[in-house]
Amino acid sequence: MLSLAYWVHMYKEWRLTKNYLIIGPLAYIMLQEFYIFVTELAHLCSERTAASMSATRLLHCDGKGTNNKSSSNRMAYEVFLGGSCNPTTWRSEIAIPTLQRLGITYYNPQVSHWGPELIAQEYEAKQTAKVLLFVIDNQTRNSAGIIEAAQLAATRRESLILVIYPYRQGQTILDETVSIQEYCDLMNGLLVLQYLMERQRIPIFESVSIALNCTSKVLREEIHVQDLHADDGIRPIKISFGQNGMDLLMLREIFRSMDINDNGTVNLEEAWIALQSSVKCNVSSMPELLSVVNKSEAYRTLIDDGFLAKKDPTELRINFEQFCALAMESAWRVKSNGVSCENWTNFFVPESEKRDLYVGVIGKDQFWLETTAIPSIESSGLSLYRSSLNEYNVKVLPQELQRMKNSRLILLIVPQHSRGITIMALAAHLIGLRAKLVLCVQTLPEDCLVSGEKLTEQAVKDYNRGRMYLSDYATREGVPVFQNIADALQHAIQLVQHLC
Ligand SMILES: *[C@@H]1O[C@H](CO)[C@@H](O)[C@H](O)[C@H]1NC(C)=O
Ligand SMILES: *[C@@H]1O[C@H](CO)[C@@H](O)[C@H](O)[C@H]1NC(C)=O
Ligand SMILES: *[C@@H]1O[C@H](CO)[C@@H](O)[C@H](O)[C@H]1NC(C)=O
Ligand SMILES: *[C@@H]1O[C@H](CO)[C@@H](O)[C@H](O)[C@H]1NC(C)=O
Ligand SMILES: *[C@@H]1O[C@H](CO)[C@@H](O)[C@H](O)[C@H]1NC(C)=O
Ligand SMILES: *[C@@H]1O[C@H](CO)[C@@H](O)[C@H](O)[C@H]1NC(C)=O
Ligand SMILES: *[C@@H]1O[C@H](CO)[C@@H](O)[C@H](O)[C@H]1NC(C)=O
């Protein structure tokens with residue numbers, strides 16, 4: 001009888017060469033059977049050996065090992081190649097040759113003959129892949145791609161490797177010139193995606209080849225994407241404060257929103273809570289907070305001011321400078337912690353900040369909100385946060401996300417008078433975070449006008465593809481989706497009345 005060591009050795013050899021992708025389907029299946037066999041053996045041996053760990057990681061199988069198509073579908077690929085498809089060629093020209101050279105297995109959803117039978121296979125491959133390599137390329141509108149990336153930033157934060165090729169003013173997409181207005185909408189979508197990624201500490205790459213290098217590193221060293229460094233070529237985070245997606249503007253806004261009397265001071269404890277929700281940490285008790293402050297610059301400033309010792313700690317107030325020091329401290333803690341805790345199901349909300357509903361509308365729907373929705377919500381005895389926005393962008397998002405978090409239910413309207421890229425990305429991200437949500441998703445009509453600009457047939461199709469993607473995803477996750485805005489509001493009101 002052959003020893004287990006022999007099989008493990010063989011397994012490692014073959015895993016290294018990983019040549020089944022080039023040796024044809026029959027040999028591929030034989031090899032796969034072999035992998036399954038080795039996996040079983042490795043299981044018998046010890047769960048702790050490196051061989052067994054890489055074996056179970058490579059395979060996602062039930063061990064039956066039947067020689068038919070459905071068993072070959074159970075293969076787990078290491079990398080899923082998602083994002084922009086036609087007319088882009090990043091998969092065939094860069095990603096696939098490189099992955100083959102490195103002996104890394106991949107699933108390519110861009111096939112010449114796509115059929116519905118591939119849906120399940122694609123889904124399985126995405127679920128089980130160790131790395132999701134997504135490219136948002138400037139040759140397409142990426143209307144589903146941006147939404148999916150925002151969703152994965154919430155659900156697969158440790159495995160998402162995202163490359164973004166930003167748009168350029170005056171460029172064309174599929175031979176159509178992109179108007180200034182559409183350019184701004186697309187870029188705003190990318191910026192918001194970048195912001196949502198930063199909140200999860202997911203790096204963004206500027207080139208597929210650097211992303212492939214990091215893919216290989218993540219697989220080889222079994223690390224999370226959050227563990228990658230600047231040396232690995234990750235793009236410097238643009239909106240940055242202590243490497244944590246916080247900038248002065250944002251801090252200024254948080255501070256101002258808390259400084260109700262406008263006298264330049266905020267409550268220390270409340271400040272910490274606000275910062276926590278912005279930078280995702282989980283320190284909450286007062287003694288713990290004091291010990292944090294105690295170790296920080298902020299503490300020293302407080303000492304110098306001489307009021308830390310004499311007052312009840314819960315009444316301590318700090319100025320903007322101290323607030324910034326506190327933010328720096330909390331950002332550093334999150335960073336050194338390595339744990340992000342964007343948790344929408346378990347967090348503390350001060351009573352005064354709590355609302356029943358958050359209603360998110362953009363553009364023209366603000367009129368509907370003021371004249372129809374608000375009276376209806378208030379007459380039902382419910383409290384609300386409302387966005388009065390023309391569009392969600394990175395400037396308002398920190399505050400809006402906090403308001404959403406403080407609400408028992410969020411109602412978002414994806415309208416038929418806007419491309420809606422950003423609000424769709426936001427909705428997908430919230431679904432991924434398991435926020436309590438009701439959606440109204442309106443399809444763009446054929447002769448759609450956005451701010452007086454007529455969309456081309458191709459653009460309408462693209463943006464409706466995004467709407468379809470979002471509706472499907474929401475429905476799968478049990479989030480109610482309506483086309484009619486009044487129905488959505490009605491449902492949201494009923495739902496929140498029945499939430500305890
Ligand atoms: C493949 O095997 C599974 C389970 O062993 C079986 O249920 C299925 O019908 C088979 N499929 C085909 C196409 O033979
Ligand atoms: C798309 O992005 C790439 C990479 O940043 C850049 O080289 C190219 O010029 C851009 N294409 C257009 C049409 O802007
Ligand atoms: C990828 O990594 C290899 C070795 O780690 C390095 O030589 C190469 O320059 C890297 N490529 C890019 C595009 O960073
Ligand atoms: C500023 O206003 C707060 C109430 O919001 C109050 O508690 C605090 O004492 C005020 N500070 C100063 C310096 O006036
Ligand atoms: C924060 O959460 C992490 C992971 O859940 C945990 O390890 C850590 O102890 C928590 N920190 C505090 C201060 O509660
Ligand atoms: C600050 O921390 C030190 C030890 O780390 C402790 O001795 C001191 O009492 C703390 N001060 C306050 C005000 O909590
Ligand atoms: C959020 O907190 C809840 C309750 O403590 C916990 O069950 C859940 O796993 C947490 N979610 C995340 C993403 O950490």
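If you read the sequence from its start, that first residue is 1, and numbering goes on from there. Counting convention: from 1, in listed order, for ligands and their atoms alike.
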### Message
Within 45 degrees of the ring normal and closer than 6.0 Å to the centroid, is that where the cationic atom of R355 sits relative to Y385?
### Response
yes

### Query
Charged N to carboxylate O below 4.0 Å: is that the case for E370 and R386?
yes

### Query
Are any of the side-chain nitrogens in R465 or D462 under 4.0 Å away from the carboxylate oxygens of its partner?
yes

### Donor-acceptor contact below 3.5 Å, side chain N393 vs main chain V396
yes

### Query
So which protein heavy atom does atom 4 (C) of ligand 2 come closest to, and at what separation?
Y165 CD2, 3.6 Å

### Query
For ligand 4, is there an atom lying under 4.0 Å from some heavy atom of T265?
yes

#### Entry: Nearest neighbour in protein (non-hydrogen) for atom 11 (N) of ligand 2
N138 ND2, 3.0 Å

### Query
Tell me: protein heavy atom nearest atom 9 (O) of ligand 2, and distance?
R168 NH1, 3.3 Å

#### Entry: Residue pair Y463, E182: steps toward the side-chain contact (heavy atoms from CB on, under 4.5 Å) verdict
CA-CA 11 Å; Y463 293 119; E182 180 168 31; 2.5 Å; yes

### Task
Can you pull out the closest protein heavy atom to atom 14 (O) of ligand 4? Residue, atom name and distance to 0.1 Å, please.
N263 ND2, 3.1 Å

